[in-house]
Amino acid sequence: MSQENVEIIRRGYDNLNRRDVEAWLEAFHPDAEMYDLAGRPDVPARRGHDALRKWVEMMDETWENGRHEPLRFIPAGAFVLVVLRARGRRRGVGVPVDIPLFHVFEMRDGKVERGRAYLDEEEALEAVGLSE
Amino acid sequence: MSQQNVEVIRRMYECWLEDDASPFDAFDQEIELHPDPAADWVGVNDIYRGHDGVRSYMAQVYEAFEDYRPEVEELLDAGDKVITLAIEHGRGRGSGATVQARRTAHVWTMRASKAIRVDLYLDREEALEAVGLSE
């Protein structure tokens with residue numbers, strides 16, 4: 001099951017980067033919860049497909065050529081940890097961004113129930129129970 | 001003039017991150033770099049002076065962190081100062097070291113379209129307070 005989860009998530013990034021948003025949403029439960037950056041009190045949870053569509057719109061308003069490029073998928077029980085780079089240019093600033101991110105997806109019945117993004121690798125490893 | 005300062009600093013980061021020209025063009029010869037006193041990597045000094053001082057500081061950062069990069073989230077115009085809100089990230093040297101990231105601020109003081117001083121803050125709120133932009 002964990003390898004199937006990895007494939008679901010991998011396809012999700014392909015669909016997101018092509019901006020095939022409806023295909024991307026197929027990987028998420030209708031009431032899925034997503035957090036842009038876990039642990040930041042000013043970042044609200046996004047719940048449900050409409051909120052996720054708005055997230056993509058917000059990303060495209062903020063970033064020029066914004067892309068999530070997954071480098072490694074680590075299955076861990078009900079979780080998939082993705083090591084990735086987020087690349088693009090912030091509109092209005094114009095300086096290139098190339099930042100490592102760590103996405104943690106909690107899966108249920110082959111779909112994402114909850115997703116969180118981390119800047120810090122150790123926090124992401126802790127979230128999936130892989131911290132030393 | 002202050003918008004011009006923002007553009008000088010924006011261009012400096014662009015050069016730095018794209019390696020397409022010297023970011024030092026934006027710096028006065030007598031620039032002073034003031035690290036955050038709480039910065040804890042080995043060998044950090046109180047003040048680094050001039051272009052060589054900045055180079056020396058950067059060498060220490062790259063020595064402490066593999067793949068170090070500052071990502072610019074916002075550039076704020078504050079008169080003779082430009083404030084960079086950044087996410088700085090890198091992997092600590094040594095086996096098993098993980099990627100660490102921190103939301104930081106750089107406060108650039110400008111004169112005649114060149115940076116004459118930069119104060120580095122590990123805590124953004126502290127930086128905004130220092131320039132009177134805290135909420």
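In the text below, chain A, chain B and the rest are named by the order of the sequence lines, each starting its count at 1. Given the structure is predicted, the values throughout are model-derived calculations rather than measurements.
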Does Asp46(B) CG have over 12 foreign heavy atoms under 6.0 Å away? no
According to a 4.5 Å side-chain heavy-atom criterion applied to Ile, Leu, Val, Met, Phe, Trp and Tyr, with indirect links allowed, do Leu16(A) and Trp63(A) form part of one hydrophobic cluster? yes
Is there a side chain to side chain contact (heavy atoms under 4.5 Å, CB included) between Phe102(A) and Val99(B) once you walk through the steps? CA-CA 10 Å; Phe102(A) 304 89; Val99(B) 172; 3.8 Å; yes
Applying ring pair (Phe, Tyr, Trp, His ring centres under 6.0 Å) to Trp16(B) and not counting sequence neighbours gives none
Set out, in order, the CA-CA distance, both residues' side-chain angles and the distance that settles side chain to side chain contact (heavy atoms under 4.5 Å, CB included) for Arg69(B) and Ile99(A), then state yes or no. CA-CA 8 Å; Arg69(B) 266 178 70 101; Ile99(A) 187 167; over 6 Å; no
Run the numbers on Arg90(A) and Val72(B) for side chain to side chain contact (heavy atoms under 4.5 Å, CB included), then give the verdict. CA-CA 8 Å; Arg90(A) 185 175 276 267; Val72(B) 179; over 6 Å; no
Leu119(A) and its side chain to side chain contact (heavy atoms under 4.5 Å, CB included) partner, picked from Arg102(B), Glu71(B), Arg103(B), Gln100(B): Arg103(B)
Is it the case that atom CD in Glu63(B) sees more than 12 heavy atoms from other parts of the structure closer than 6.0 Å? no
Common cluster, Ile47(B)/Phe24(B), ILVMFWY with side-chain heavy-atom separation under 4.5 Å: no
Nearest 0.5 Å, please: how far is CG in Leu17(B) from CG in Asp98(A)? 9.0 Å
Between Glu18(B) and Arg89(A), does any side-chain N to carboxylate O distance fall below 4.0 Å? yes
Please classify the contact between Arg91(B) and chain A as side chain, backbone, both or neither, with a heavy-atom cut-off of under 4.5 Å. side chain
Nearest heavy atoms of Glu14(B) and Pro96(A), plus distance in Å: CG-CD, 4.3 Å
Inspect the surroundings of CD in Glu126(A) and state if more than 12 heavy atoms from other residues, nucleotides or ligands are less than 6.0 Å away. yes
Co-membership, hydrophobic cluster, residues Ile116(B) and Tyr57(B), 4.5 Å side-chain: no
Under a 4.5 Å cutoff for heavy-atom pairs, which residue among Pro100(A), Gly94(A), Gly92(A) has the most contacts with chain B? Pro100(A)
Could you list which of residues 73-87 of chain A have a heavy atom closer than 4.5 Å to any heavy atom of chain B, in residue-number order? Arg85(A)
Same apolar cluster: Phe65(B) and Leu122(B), side chain cutoff 4.5 Å: no
